[in-house]
Structures are given as C-alpha cells and as structure tokens.
Amino acid sequence: MNPDTNLQTAATALKAKDWIKVRESLAVRCVCEGDGDYAASDRLCAGVALISEDLESVACPDCGRDLYPAEDRKRLHKYWRIRLAWPGILRDVEQRLRELDPQVFVEREGAYRLSSGTYVCVADRCSGTKYVAQDWVALQPMLFLVADAPVLASVAPATLSLAGLWCDPAALPKALYEAGRRAPLPRHSPAMFSRGPQVTSAAPATKQAAPKTFVVEVSLDEILVQGISIMAPQAHARMHLFRVLWRSFLDSLQRGLSAEDHPPLNVSQLRKALKAAGVHSLDDEGSLRQTVNRLQRDIEGKIKSTLGHPLEREDIIETLRRSSRSDADFGYRINPQTVVARLFQSR
C-alpha cells in the first residue's frame, strides 16, 4: 500500500523490461486513526478493503464490518497488485544465458541445459516436472532461479532469486560456476560384477517422524481446530470462505478420493461459490487471495500461541498449483494430509 518513490522507480524499470504487471486500486483500512469511524472500530483488526472510485460501501474482508469510505471520511490508500509477467521474464533469462553460452538448449519452458551440462531451471515454471524431482536434482548439476517456489532444501541445490538476477549482473555467472563446481554425486553404489560376493551398500535406517494431524470441527457459527475457535463469529466472509473449502473437502472424502486426488478450488470457483452464498466483499481476486493468506497465517498463529502445537501455515488450508491449468493459476483446499474431520462437539 502507498508505494514509496523507490518502489515506484523499481516498478517502472521492471515494467519496461516486461517483468511485471501492475494493477492500481483504491483501498481503505478497517482501522485507521483519523477516520470518522475510528472510535467504533475494532482496534485489533488489520483488514484492508479495496473500493471503487465512487467510494461505495464495502465489507472488511477480515472482520466483516461494513465500511463507508465517503460517509466516514476514511483515508484513501493507493493499493498495488503486482504479478510476474512470465513471458517477459523467460525471454530475459534465455537472453542472459545465451550471452554466457550461445549453445544453451531450451529443454522446455523454464528449463535450460548449458553446453557444460549444467541445468538452469526457473522453479516457479517447472512445478510437477522432472526438473524439480528430488531424484533428478540429486544427480544433476542444477541452478534454480526462484521467485517464490519452494526448492529442495534436502538436496541443497544452487539457487538464485529473480531479484538477485535483476539487481546484480554478475550474480548469474557466479551462481552457474557454483552449480557446476558442486554438482551432486549419486547416492548409491554403482553395480559391481566380479568374482566373489557382490558388493552392496546400505544406509542406516532413519527414524520417520509420526504424521501430524489436526482435528477440525465445523458448526453453524463456529470453526474449531484442536478444540480452539479460529475465527470470530462476525467474520462472515472468512466463515463462508472456509465453509466452501470444507464442503469440497467432505465431498472428496465421501467419494473416497486419495489425498493426492483431492481437487483444489481456484479463485474463479471460490468467487462463484461465495457470490452464490451472498458474499460480495471477496468478489475481487486480490481481496480473495489476501483473505486466504491471512486466514492461513492467523490459524497458524492462533494454534501455536494457544496450544504450542507445531502447526505450519498450510496444514489446514493448503495452497496448491493446479496441474491442469496454466502455472499462474493456484488453487486452495483443506489439506487432506493433515486434517481430520469430526462431528462438532457441543461445549
């Protein structure tokens, strides 16, 4: 919100190279000192709501309170929604690689092989491919270019952020040198055929951590995780959002789907379901994604601070890239690996 001069300068340069797309909107804070409704607001709410230019009323995506920008003379904020422009980024990456190695080969979108045998993978564009599979990464000299996709920390591949690639012209050749120099070796013994007994190798057994599960109960006006209420009853938008995901989760269980086959709901599907339920405050894509992200973070914080359980951000609501659509289309689902459904127990 309210981008400063440095951010505006950086955004202008990135847009000129076709690395990003920027959409600018107006927004109001649910709680902002100096607004006409400040005295009546919940001082703990950090909600931000996008508004139209005619300053129509809107509901806070966090607490559900109705906000009246014009009547309450609320301060207007400049709100940027920025997304990566992958065609421009990939063109720039390929150009930089060809400047270093004219014989670079494009294996697929976002994956390149240099003449030295080193692979360069734009991790965010290669989800679900062999280039991010652990057994492949373990055996190849690899460099990951990363925006925000997770990488295989257990194999410790060489990585370079797209921000580092943009800011430092020398970063790419340095990272390629490191990737080639510390190419991983196979983790198994080669086959040996000779006289005498066959030589085999064995690794010590590692203790597997017990799978973690969290009991979730949903009633008409309350949602519990491990018996702890995770949102206020007046947070209508959040409540409806969770219920949409919960109904999809129960439907998958009823159909007997495996955890891997539980389908995620993308933004378009969520917006349609919420609109049918009468929730219009999350009709904007940016507001909907922001609400899901905050809900994930708030659930994690509430359970950790209350019970001390090792709950991670996506243990309840999981963000999942849909393999049947473009890589830019993310979906959300109740995490079938860690969530256990239970009938609501009256307290």
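Heavy atoms only: backbone and side chains are in, while hydrogens, waters and symmetry mates are out.
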Would you say the side chain of Phe242 lies within less than 4.5 Å of the side chain of Ile230, judging by non-hydrogen atoms? yes
Given Glu300 and Lys304, is the salt bridge (Lys or Arg N to Asp or Glu O under 4.0 Å) satisfied, shown in steps? CA-CA 6 Å; Glu300 176 190 9; Lys304 281 184 175 179; 2.9 Å; yes
Below 4.0 angstrom, N of the basic side chain to O of the carboxylate: do Arg289 and Glu285 qualify? yes
By salt bridge (charged side-chain N to carboxylate O under 4.0 Å, His left out), Lys21 pairs with (sequence neighbours left out) Asp18
Sub-4.5 Å side-chain heavy-atom contact between Arg313 and Asn293: yes
side-chain contact (heavy atoms from CB on, under 4.5 Å) partners of His280, counting only residues at least two apart: Lys275
Nearest 0.5 Å please: distance from the OG atom of Ser248 over to the CG atom of Leu265. 4.0 Å
Using the test side chain to side chain donor-acceptor pair (under 3.5 Å), find all partners of Arg247 that sit at least two apart in sequence or belong to another chain. none
So, Tyr79 and Gln290: side-chain donor and acceptor under 3.5 Å apart, yes or no? yes
For the pair Trp246 and Phe249, name the ring-plane relationship: parallel under 30°, tilted 30 to 60°, perpendicular over 60°. tilted
Within-4.5 Å side-chain heavy-atom neighbours: Val120 and Leu176: yes
Without placing hydrogens or testing angles, list every side-chain donor-acceptor pair under 3.5 Å for residues 99-107, not counting sequence neighbours.
residue : atom : partner : partner atom : Å
Asp101  : OD1  : Gln103  : N            : 3.0
Asp101  : OD1  : Ser115  : OG           : 3.3
Asp101  : OD2  : Ser115  : N            : 2.8
Asp101  : OD2  : Ser115  : OG           : 2.8
Glu107  : OE1  : Tyr131  : OH           : 2.6
Glu107  : OE2  : Arg113  : NH1          : 2.1

Under the 3.5 angstrom rule, does the side chain of Ser252 hit a backbone N or O of Leu257 as a donor-acceptor pair? no
Leu162 side chain near Leu145 side chain, heavy-atom distance below 4.5 Å: yes
From Arg294 CZ over to Ser287 OG, what is the distance, rounded to the nearest 0.5 angstrom? 9.5 Å
Can you tell me how far the CE atom of Met142 sits from the OG1 atom of Thr159, to the nearest 0.5 Å? 11.5 Å
Which residues share a side chain to side chain donor-acceptor pair (under 3.5 Å) with Glu314, sequence neighbours left out: none
Any ion pair linking Asp284 and Arg81 (charged N to carboxylate O, less than 4.0 Å)? yes
With a 4.5 Å heavy-atom cut-off, do Ile89 and Ile20 have their side chains touching? no
Taking atom types as modelled, find out whether Ser52 and Asp54 have a side-chain donor-acceptor pair closer than 3.5 angstrom. yes
For His77, is there any backbone N or O sitting under 3.5 Å from a side-chain donor or acceptor partner on Asn2? no
Quick check: do Pro264 and Tyr332 have side-chain heavy atoms less than 4.5 Å from each other? no
Salt-bridge contact Glu109-Arg125 (side-chain N to carboxylate O under 4.0 Å): yes
Atom pair CD (Glu222) and CE (Met239), whose distance is rounded to the nearest 0.5 Å: 7.5 Å
Closer than 3.5 angstrom, by distance alone: can the side chain of Asn335 be matched with the main-chain N or O of Ile316 as a donor-acceptor pair? no
Suppose the criterion is salt bridge (charged side-chain N to carboxylate O under 4.0 Å, His left out): which pairs have a residue in residues 223-236, not counting sequence neighbours? none
Got a sec, which pairs hit salt bridge (charged side-chain N to carboxylate O under 4.0 Å, His left out) with one end in residues 252-263, sequence neighbours left out? Asp251-Arg255
Once you round to the nearest 0.5 Å, how far does NZ of Lys15 lie from CD of Gln8? 9.0 Å
Identify, with sequence neighbours excluded, every residue that meets side chain to side chain donor-acceptor pair (under 3.5 Å) alongside Arg98. Glu94
Just checking Glu33: does its CD atom have more than 12 heavy atoms from other residues, nucleotides or ligands closer to it than 6.0 angstrom? no
If I take atom OH from residue Tyr177 and atom CG from residue Leu172, how far apart are they, to the nearest 0.5 angstrom? 15.5 Å
Output all residues satisfying side-chain contact (heavy atoms from CB on, under 4.5 Å) with Thr291, sequence neighbours left out; order by chain, then residue number. Pro61, Arg238, Leu241, Leu282
When you measure from the side chain of Gln296 to the backbone N and O of Ile317, does any donor-acceptor pair fall under 3.5 Å? yes
Verify, without hydrogens or angle tests, whether Ser305 (side chain) and Lys302 (backbone) share a donor-acceptor contact under 3.5 angstrom. yes
With Gln254 via side chain to side chain donor-acceptor pair (under 3.5 Å) - residues at least two apart: none
Under the side-chain contact (heavy atoms from CB on, under 4.5 Å) rule, collect the residues that match up with Asp221, sequence neighbours excluded. Ser219
Sub-4.5 Å side-chain heavy-atom contact between Cys32 and Tyr38: no
Across all chains, not counting sequence neighbours, the side-chain contact (heavy atoms from CB on, under 4.5 Å) partners of Lys17 are Trp19, Asp92, Trp166
Any side-chain heavy atom of Val122 sitting closer than 4.5 Å to one from Leu90? yes
Would you mind checking if Asp35 and Arg73 are paired as a salt bridge, meaning a charged N to carboxylate O distance below 4.0 Å? no
